[in-house]
Structure formats: C-alpha cells, structure tokens
Amino acid sequence: MVGGNAIRGSRVGAGPMGEAERGDSAPRRRVTYYCEHGHESSPSFAAEAVIPESWDCIRCGLPASQDPDHPPAAPRTEPYKTHLAYVKERRSDEDGAAILEEALQALRKRRSL
Ligand SMILES: [Zn+2]
C-alpha cells in the first residue's frame with residue numbers, strides 16, 4: 001500500500017520535470033561524413049560530445065571521414081582473395097590429378113596393412 005503510493009507520487013512529480021528536460025534540449029551539432037562511395041552520413045552529436053574521426057557509412061557500412069576528398073580506405077580483401085582463387089584454379093588443373101593419385105595411394109597402403 002505504502003509502496004504503491006510512493007510510485008504514484010513519483011510519477012506525478014516526474015511529469016513537469018520531464019517536460020522541462022524536453023523543452024531545453026541540449027544543443028546538438030550535425031557532422032557530415034563521406035565514405036569512399038560518396039555517400040553522406042550526417043549523425044548529430046551533443047555539443048559536448050567528442051566527434052569521432054570516422055563514422056560507418058549508413059548506406060554501405062564502409063568507414064567514412066569528414067573530408068570528402070580523402071575518405072578512409074575501405075578494407076580491401078578482394079584482390080588477395082581473387083589472386084588466391086586464381087592460383088587455386090590453376091593448381092587444380094595441373095596438380096589436382098597428382099594430389100588425387102597421392103591420396104588414393106595412401107588409401108591403398110592403409111588398406112593393404
Ligand atoms: Zn557508403
């Protein structure tokens with residue numbers, strides 16, 4: 001009973017305080033970030049907040065910076081992967097048969113034991 005009254009009282013008291021907080025909202029500043037694809041992300045920060053140097057693009061997720069001429073380099077893994085895939089493809093033609101033969105021989109040895 002007593003506890004219920006206390007909660008109700010605090011809720012009534014919180015009303016005007018909440019409105020006051022909403023009334024003078026803290027000044028915010030909007031910072032625009034540019035990613036390598038030219039997307040613009042404009043998050044807003046509290047005036048006192050530390051503005052981060054980079055921001056993840058809201059459209060493609062790449063890192064974006066405040067300098068549109070020098071966006072952060074996107075993490076590039078594709079050239080390496082492509083090269084590796086190319087090497088694997090070439091190897092599979094020439095060495096695939098040999099590797100298979102080795103494996104078969106190993107199997108046969110195991111069976112003969
Ligand atoms: Zn982007």
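Order of appearance sets the numbers: ligands from 1, and atoms from 1 within every ligand.
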Exercise. Is the side chain of Ser42 donor-acceptor paired with the backbone N or O of Arg30 at a distance under 3.5 Å, no angle test?
Worked result: no

Exercise. With a 4.5 Å heavy-atom cut-off, do Gln105 and Lys109 have their side chains touching?
Worked result: no

Exercise. What distance separates Asp69 CG from Tyr34 OH, expressed to the nearest 0.5 Å?
Worked result: 9.5 Å

Exercise. What side-chain hydrogen bond (donor to acceptor under 3.5 Å, both in side chains) pairs are there with at least one residue in residues 46-68, not counting sequence neighbours?
Worked result: Asp67-His70

Exercise. So which protein N/O/S atoms does the Zn ion (ligand 1) have within less than 2.8 Å?
Worked result: Cys35 SG, His39 ND1, Cys57 SG, Cys60 SG

Problem set entry | Non-hydrogen atoms of Pro71 and Cys35 that approach each other most closely | CB-C, 3.6 Å

For this session: For the residue pair Cys60 and His39, establish whether any side-chain heavy-atom pair is separated by less than 4.5 Å.
Result: yes

